[in-house]
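Notes follow the structure.
Nothing here was measured: the structure is a model prediction, and the numbers come from that model.
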Amino acid sequence: MTQKLPEGFLWGNSVSSMQTEGAWNEEGKGMSVYDIREASEFASDWKVATDSYHRYEEDFDLMQDLGMNCYRFQIAWSRVCPEGDGEFNPQGIAFYECFIDGLLARGIEPMICLYHFDMPLALARKYNGFTDRKVMEAFVRYGRKMIDCFGDRVTYWLTFNEQNIYHMPEAFKVAGYLSGEKTLRELYQIQHHVMMAHCHLTHYLHENYPGKLMGGMLAHQLVYPATCKPRDVFCAQQYDEFLNQNLLRVFAGQGYSPAVMAVAAREGFQDIFREEDLARLEQMKNDFMAFSYYASKTLDSDAIPHDAPVNDYLLYGDKPNPYLKATEWNWQIDPLGFRTIITRYYNDWRLPVFPIENGIGVIESWDGVNPVEDSYRIAYHRDHIQAMKEAIFSDGAQVLGYLGWGLIDILSSQGDMRKRYGVVYVNRENHNLKDLKRVPKKSYAWLKQAIRSNGEAL
């Protein structure tokens with residue numbers, strides 16, 4: 001029996017603005033927290049990125065040639081509202097109007113993400129980001145404006161990239177804050193203020209733009225217990241509850257997990273959660289469940305102090321899985337884990353599932369003549385797409401599409417151009433911009449075949 005994916009299945013690519021756009025100070029853009037980051041030995045600054053601000057038409061042509069019919073991109077908050085909360089920038093809005101029209105002209109469905117860690121610098125300095133409700137209110141104002149600008153043309157919406165990362169302590173180096181340390185109370189504040197912003201914009205989209213779809217998105221943390229020892233199993237389940245299921249419950253209209261709220265009460269954080277907030281959350285239901293997935297983790301409870309908060313478990317107990325191979329960045333490759341997440345999402349929540357980031361980052365170089373030989377990337381995507389198909393055809397999951405991460409090379413989340421995810425090579429290094437030429441790799445032709453066959457020819 002053939003396993004051709006449903007008609008209208010969405011194939012595409014996901015990126016963020018700061019990892020692609022460049023043009024950090026052009027046409028009225030304000031400063032973000034990324035714009036003040038300096039280059040280091042293994043990281044570029046963010047001023048040029050892959051220059052998609054000036055080259056997006058070229059990138060769109062490559063996507064169209066690949067057969068992609070979906071592109072998830074991010075609007076840079078400080079490009080359209082330079083201070084984060086104040087006057088909007090007509091030039092920034094006009095850029096995204098042209099950007100979206102360019103996608104639609106090529107038959108590519110735009111998916112807008114409103115925030116991907118690049119906090120406007122003014123809000124970071126004045127309020128310490130989402131620790132303050134004023135930033136939540138500013139974000140809602142910005143989000144409503146973008147929905148009003150583009151809601152007639154864009155069906156798929158996300159508020160926050162990888163929403164659970166904002167309360168993972170080890171992730172603050174990428175999550176848009178000027179300092180990398182946060183107290184447990186601040187983590188709970190951020191978690192709630194971000195969720196309330198998501199809630200307000202979900203209601204706004206549904207009330208004003210019928211038929212437009214809002215998704216909740218996680219960086220799904222699939223964590224295995226290191227052994228069948230009961231505490232290993234319990235700690236892995238607790239971590240899943242606090243970092244994954246808690247937000248998924250809210251996306252599905254159930255409100256926060258009782259276990260999470262019990263910790264908030266014990267720690268004296270009840271004042272963060274206003275009664276009217278909690279009531280509003282329970283009235284919200286998202287249209288699809290989105291997630292990023294690159295690798296799984298394994299948790300050894302012996303290394304976790306008994307008084308450690310659940311948010312910190314992986315800081316102590318992260319352990320290599322002896323049954324999985326790892327990339328050179330020590331990310332363990334686990335296609336079965338991909339199937340596990342998709343199947344569980346649909347079994348648990350009965351909302352369409354949308355994996356919108358998946359890929360493998362590898363150090364690569366181009367000899368200036370021949371395509372990069374990246375058979376490992378073909379194997380990674382083939383195995384994960386096959387696992388997704390098994391979730392659909394064997395497990396009964398409803399899946400909207402499959403978006404790879406950065407399928408035209410971009411800066412990594414740490415600004416490292418050495419770590420490449422693309423099927424298209426971008427000719428630049430961390431400290432040498434070269435000519436930024438786009439060069440298809442070996443995997444390009446494979447992915448084109450996979451998409452054109454709608455997943456049948458892998």
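- Relative orientation of the Tyr293 and Phe338 rings is parallel, given thresholds of 30° and 60° on the angle between their planes.
- Glu241 meets the side-chain hydrogen bond (donor to acceptor under 3.5 Å, both in side chains) test with Arg249, Ser257; sequence neighbours excluded.
- For Tyr115 and Tyr142, the ring centers sit 6.0 Å or farther from each other.
- The closest side-chain donor-acceptor pair between His220 and Asn164, if any, does not fall under 3.5 angstrom.
- Taking the side chain as every heavy atom from C-beta outward, Gln189 and Phe269 never approach each other to under 4.5 Å.
- Side-chain polar atoms of Asp240 and Gln245 form a donor-acceptor pair below 3.5 angstrom.
- Closest heavy-atom contact between Lys434 and Asn427: CB-O, 3.3 Å.
- Among the candidates Gln414, His431, Arg428, the single residue satisfying the side-chain hydrogen bond (donor to acceptor under 3.5 Å, both in side chains) test with Ser44 is Arg428.
- Phe130 has its ring centre less than 6.0 Å from the ring centre of Phe160.
- Contact record, Ile342 with Ala397: CG2-CB, 3.8 Å, taken as the closest heavy-atom pair.
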Solution key, residues 443-450 side-chain donor-acceptor pairs under 3.5 Å, sequence neighbours excluded:
unit_1 : atom_1 : unit_2 : atom_2 : d
Ser443 : OG     : Asp374 : OD1    : 3.4
Ser443 : OG     : Asp374 : OD2    : 2.5
Tyr444 : OH     : Leu62  : O      : 3.4
Tyr444 : OH     : Asp65  : OD2    : 2.6
Trp446 : NE1    : Leu458 : O      : 2.9
Lys448 : NZ     : Asp65  : OD1    : 3.1
Lys448 : NZ     : Asp65  : OD2    : 3.3

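- Classified by interplanar angle (parallel below 30°, tilted 30° to 60°, perpendicular above 60°), the ring pair Tyr402/Trp11 is perpendicular.
- Under the side-chain contact (heavy atoms from CB on, under 4.5 Å) criterion, Lys297 pairs with Val223, Leu314, Asp318, not counting sequence neighbours.
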Q) When you look at Leu407 and Met68, which way does the side chain to side chain contact (heavy atoms under 4.5 Å, CB included) test go after all the steps? A) CA-CA 11 Å; Leu407 291 175; Met68 289 182 179; 3.6 Å; yes
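- Under the 4.5 Å side-chain criterion, counting only non-hydrogen atoms from C-beta, Cys199 is in contact with Leu281.
- Take Asp348 and apply the salt bridge (charged side-chain N to carboxylate O under 4.0 Å, His left out) test, not counting sequence neighbours, and it matches Arg344.
- Asp334 pairs by the salt bridge (charged side-chain N to carboxylate O under 4.0 Å, His left out) definition with nothing, not counting sequence neighbours.
- Ring centers of His384 and Trp405: at least 6.0 Å apart, outside the cut-off.
- No side-chain donor-acceptor contact under 3.5 Å links His193 and Tyr166.
- In this structure a side-chain-to-backbone donor-acceptor pair under 3.5 Å is present from Gln221 to Ala219.
- A pairwise comparison of heavy atoms in Gly361 and Thr327 identifies O-CB, 4.4 Å as the closest pair.
- Inter-residue side-chain proximity for Met289 and Leu248 is flagged as met; some heavy-atom pair is nearer than 4.5 Å.
- A donor-acceptor pair shorter than 3.5 Å can be found between the side chains of Ser78 and Lys29.
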Q) Hey, mind stepping through Leu184 and Asn311 against side chain to side chain contact (heavy atoms under 4.5 Å, CB included) and telling me if it holds? A) CA-CA 8 Å; Leu184 186 62; Asn311 306 62; 3.9 Å; yes
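- Under 3.5 Å, the side chains of Asn358 and Tyr380 contain a donor-acceptor pair of N or O atoms.
- Residue pairs meeting the salt bridge (Lys or Arg N to Asp or Glu O under 4.0 Å) criterion with at least one partner in residues 192-201, sequence neighbours excluded, do not occur; the list is empty.
- The side-chain contact (heavy atoms from CB on, under 4.5 Å) search around Glu83 returns Ala122, not counting sequence neighbours.
- For His167 and Phe242, the gap between ring centers reaches or exceeds 6.0 Å.
- In this view, Lys419 satisfies the salt bridge (charged side-chain N to carboxylate O under 4.0 Å, His left out) rule with no residue, not counting sequence neighbours.
- Asp277 is not listed as a side-chain neighbour of Glu282, based on a closest heavy-atom distance of 4.5 Å or more.
- Proximity of the aromatic rings of Tyr256 and His192 is defined here by a centroid distance below 6.0 angstrom, and this criterion is met.
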Q: Determine, stepwise, if the pair Phe73 / Ile75 fulfils side chain to side chain contact (heavy atoms under 4.5 Å, CB included).
A: CA-CA 7 Å; Phe73 66 95; Ile75 292 175; 4.1 Å; yes
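- Between Ala290 and Leu158, the closest heavy-atom pair is CB-CD2, 4.2 Å.
- Checked against a 6.0 Å centroid threshold, the rings of His200 and Tyr204 do not count as neighbours.
- Summarising the geometry of Glu162 relative to Ser292, their closest heavy-atom pair is OE2-OG, 2.6 Å, with the distance given to 0.1 Å.
- By the salt bridge (charged side-chain N to carboxylate O under 4.0 Å, His left out) test, Lys442 is found to be paired with Glu373, residues two or more places apart in sequence or in another chain being considered.
- Applying the side-chain hydrogen bond (donor to acceptor under 3.5 Å, both in side chains) rule to Asp132 yields no partners; only residues at least two apart in sequence or on another chain are considered.
- Take Asn430 and apply the side-chain hydrogen bond (donor to acceptor under 3.5 Å, both in side chains) test, not counting sequence neighbours, and it matches Asp416.
- Ion pairing between Arg438 and Asp59 holds under the 4.0 Å rule for side-chain N and carboxylate O.
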(Q) With salt bridge (Lys or Arg N to Asp or Glu O under 4.0 Å) as the criterion, how do Asp85 and Arg141 come out once you've worked through the C-alpha distance, each side chain's angles and the decisive distance to 0.1 Å? (A) CA-CA 8 Å; Asp85 189 21; Arg141 176 177 174 268; 3.5 Å; yes
Q) Step by step, would you call Glu357 with Ser14 a side chain to side chain donor-acceptor pair (under 3.5 Å)? A) CA-CA 6 Å; Glu357 287 185 28; Ser14 287; 5.6 Å; no
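- In this structure, the side chain of Gln19 engages the main chain of Leu411 through a donor-acceptor pair within 3.5 Å.
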Q | side chain to side chain donor-acceptor pair (under 3.5 Å) evaluation trace for Asn69 with Glu109 | A | CA-CA 6 Å; Asn69 58 359; Glu109 186 84 35; over 6 Å; no
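- Within the structure, every pair that satisfies the salt bridge (Lys or Arg N to Asp or Glu O under 4.0 Å) test and touches residues 212-236, not counting sequence neighbours, is listed here: Lys229-Asp302.
- A centroid separation of less than 6.0 Å is found between the aromatic rings of Phe251 and His198.
- Using a 4.5 Å heavy-atom cutoff, the side chains of Val263 and Tyr188 are in contact.
- Partner of Glu364 under the salt bridge (charged side-chain N to carboxylate O under 4.0 Å, His left out) criterion, chosen from Arg420, Arg377, Arg418: Arg377.
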**Q.** Verdict with reasoning, Trp77 to Phe139, per side chain to side chain contact (heavy atoms under 4.5 Å, CB included)
**A.** CA-CA 9 Å; Trp77 186 354; Phe139 182 82; 3.6 Å; yes
